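None of these values were measured; they are calculated from a predicted model.
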Amino acid sequence: MEWLSKMNDALDYIESNITGKIDYCEVARVACCSLTRFQRMFTFMTDLTIGDYVRFRKMSLAGEDIKNTDIKVVDLANKYGYESPEAFTRAFQAFHGMPPTIVRKLGIAKKYQPITFQIKFDGGSIMTGSKSLVRIEELNHMKVVSFQVNCDRPETLAWNQLREWAVKNLNDYEARRYIGFAPKGHHPTGEENDFHEYNAQMVLHGEEGLNTTLLGAKVSDAPKGLFLVGDVVLNEFNEDGTLDIGLSMKKSSQTIYECMLDMGGYDVDFDGRTYLEEHLFSKEWFLADNPSKVPVEFKFWLPIKKK
């Protein structure tokens with residue numbers, strides 16, 4: 001795939017210019033995409049920002065310089081593009097866990113190897129190294145218990161209803177699969193705090209879905225069709241420092257869509273369908289007095305069809 005080759009070209013450019021300051025606009029140009037798209041794709045594929053990756057590589061190489069030469073800190077700061085020895089030392093200690101003088105004395109330094117993207121197909125997944133970038137999944141003939149609400153900020157209410165039901169009735173609730181979606185979209189009127197529908201669902205196994213209810217919860221059909229599934233990278237924050245899940249979801253969905261375009265042979269399919277949000281809950285989330293304080297991981301399911 002040409003886009004992956006271009007991403008590797010950009011990494012080669014970074015490695016060739018790792019001393020001094022990296023021009024990120026030039027990195028994106030080498031990758032043949034906008035800076036915004038490059039940053040988004042890189043974070044999606046590595047779980048790192050491009051700035052963190054460059055800093056890790058600089059500090060890894062600087063550690064080797066400290067161990068193996070008598071170079072001065074002021075010269076290292078200049079070599080790796082830092083404005084002052086103090087700024088370099090702070091970055092060095094944050095990475096290695098000790099200042100340059102101790103690394104030199106002990107002869108021990110942390111290493112961070114350069115990244116190379118390699119792609120392979122594993123069933124329906126597209127992999128970069130051992131990390132699953134996206135996968136294609138088809139849902140058919142699956143049953144779920146469904147908690148549907150229609151109110152302001154319905155996601156919290158729907159998931160709390162499902163959480164309380166699961167803890168009360170199941171022993172393996174933390175091992176189940178959970179999918180949520182807004183049938184008409186989040187904030188369909190365009191207002192931030194408007195009423196809309198939201199479904200929180202748990203996938204059922206075998207005979208659990210044979211009846212119309214299960215332990216007092218409504219049983220219904222799971223969404224059907226082909227989906228492109230990818231991780232949501234949670235790296236967007238509100239002004240008060242809290243995680244902005246909605247914006248993180250939006251940015252990751254854009255990257256997953258771009259992956260679909262690069263794959264070729266598929267198109268989005270919103271004809272009577274909508275995207276899904278898979279929630280990966282921990283046992284702590286189920287048992288917490290305030291589950292909103294417990295981290296949750298997400299996967300974004302983009303509805304697609306073959307061209």
Side-chain angles (χ1 to χ4, degrees), residues 3-117 128-129 131 232-244 247-248 250-252 254-255 258 295:
W3 63 275
L4 199 65
S5 175
K6 296 298 183 184
M7 292 292 286
N8 279 325
D9 289 344
L11 291 176
D12 290 342
Y13 172 85
I14 290 172
E15 203 62 25
S16 297
N17 295 274
I18 198 65
T19 58
K21 291 187 176 181
I22 301 293
D23 184 344
Y24 292 116
C25 290
E26 180 62 17
V27 173
R29 188 196 66 78
V30 172
C32 296
C33 61
S34 68
L35 178 57
T36 299
R37 184 185 181 193
F38 178 82
Q39 291 171 324
R40 196 163 61 233
M41 288 291 291
F42 186 89
T43 299
F44 186 75
M45 296 168 73
T46 65
D47 294 328
L48 283 174
T49 67
I50 183 62
D52 282 343
Y53 173 70
V54 169
R55 178 166 52 84
F56 292 170
R57 284 295 299 140
K58 284 177 179 287
M59 292 303 101
S60 179
L61 294 171
E64 294 302 303
D65 289 340
I66 285 286
K67 282 171 45 182
N68 300 319
T69 73
D70 58 357
I71 189 172
K72 297 179 180 178
V73 170
V74 63
D75 294 325
L76 271 181
N78 183 64
K79 176 179 179 179
Y80 289 104
Y82 282 81
E83 295 181 356
S84 68
E86 293 77 16
F88 170 83
T89 299
R90 285 194 298 270
F92 189 96
Q93 184 161 347
F95 179 78
H96 291 280
M98 59 187 93
T101 52
I102 301 301
V103 168
R104 175 165 280 159
K105 181 178 180 179
L106 297 178
I108 300 173
K110 182 179 177 181
K111 292 185 179 181
Y112 191 90
Q113 299 297 333
I115 289 174
T116 299
F117 295 126
T128 52
K131 175 180 170 59
V232 173
V233 179
L234 299 172
N235 63 349
E236 299 294 334
F237 296 88
N238 298 304
E239 291 183 357
D240 62 0
T242 58
L243 186 66
D244 190 331
L247 185 56
S248 295
K250 182 178 180 180
K251 292 291 184 68
S252 294
Q254 292 172 340
T255 304
E258 290 165 358

Item to complete: For the pair Lys6 and Asp9, evaluate side-chain contact (heavy atoms from CB on, under 4.5 Å) and give the outcome as yes or no after the intermediate values.
Response: CA-CA 5 Å; Lys6 296 298 183 184; Asp9 289 344; 3.9 Å; yes
Practice prompt. Under the side-chain contact (heavy atoms from CB on, under 4.5 Å) rule, collect the residues that match up with Asn68, sequence neighbours excluded.
Written response: Glu64
Worksheet item: If you round to the nearest 0.5 Å, how far is CZ of Arg55 from OG1 of Thr49?
Response: 7.5 Å
Worksheet item: Taking C-beta and beyond as the side chain, do Asp12 and Glu15 meet within less than 4.5 Å on heavy atoms?
Response: no
Fill in: Partners meeting side chain to side chain donor-acceptor pair (under 3.5 Å) with Tyr80 (sequence neighbours left out)
Asp65
Worksheet item: Taking all non-hydrogen atoms of both residues, which atom of Gly107 and which atom of Lys67 are closest, and how far apart?
Response: O-CE, 3.6 Å
Discussion item. With heavy-atom distances below 4.5 Å as the criterion, would you say the side chains of Lys251 and Leu247 are in contact?
Written reply: yes
Worksheet item: Hey, does Phe95 have a side-chain heavy atom less than 4.5 Å from the side chain of Lys110?
Response: yes
Worksheet entry | Separation between CD of Glu83 and CG of Asn78, rounded to the nearest 0.5 Å | 11.5 Å
Discussion item. Which heavy atom of Ile50 sits nearest to which heavy atom of Gln39, and what is that distance?
Written reply: CG2-CG, 4.1 Å
Fill in: Under the salt bridge (Lys or Arg N to Asp or Glu O under 4.0 Å) test, residues paired with Arg104 that sit two or more places apart
none
Item to complete: Can you run down the salt bridge (charged side-chain N to carboxylate O under 4.0 Å, His left out) pairs that involve residues 33-44, sequence neighbours left out, and say none if there aren't any?
Response: Arg37-Glu258, Arg37-Asp262, Arg40-Glu258
Item to complete: Please answer whether the main-chain N or O of Phe56 pairs with a side-chain N or O of Ser60 as donor and acceptor at a distance below 3.5 Å.
Response: no
Item to complete: Mind listing the closest non-hydrogen atom pair of Phe92 and Val103 along with its distance?
Response: CE2-CG2, 3.5 Å
Worksheet item: What is the minimum heavy-atom distance between Phe38 and Ala10, and which atoms define it?
Response: CE1-CB, 3.6 Å
Worksheet entry | Residue list, ring-ring contact (aromatic ring centres under 6.0 Å, His included) with Tyr13, at least two apart or on another chain | none
Discussion item. To check you understand the geometry: which heavy-atom pair defines the closest contact between Leu48 and Tyr112, and what is its length?
Written reply: CD1-OH, 2.9 Å
Worksheet entry | Backbone N/O of Ile115 and side chain of Tyr53: donor-acceptor pair under 3.5 Å | yes
Worksheet item: Got His96 and Ile66 here, is their nearest side-chain heavy-atom distance under 4.5 Å?
Response: no
Item to complete: Find out whether Lys58 and Ile18 are in side-chain contact, i.e. whether some heavy atom of one side chain is under 4.5 Å from a heavy atom of the other.
Response: yes
Name the atoms and distances for all side-chain donor-acceptor pairs under 3.5 Å in residues 20-33, with sequence neighbours left out.
| residue | atom | partner | partner atom | Å |
| --- | --- | --- | --- | --- |
| Asp23 | OD1 | Cys25 | N | 3.1 |
| Asp23 | OD1 | Glu26 | N | 3.3 |
| Glu26 | OE1 | Arg29 | NE | 3.0 |
| Glu26 | OE2 | Arg29 | NE | 3.0 |
| Glu26 | OE2 | Arg29 | NH2 | 2.6 |

Worksheet entry | Approximate separation, where rounding is to 0.5 Å, of Thr69 OG1 and Leu76 CG | 6.5 Å
Item to complete: Measure across Val233 and Ser248 and return the closest heavy-atom pair with its distance rounded to 0.1 Å.
Response: O-CB, 3.5 Å
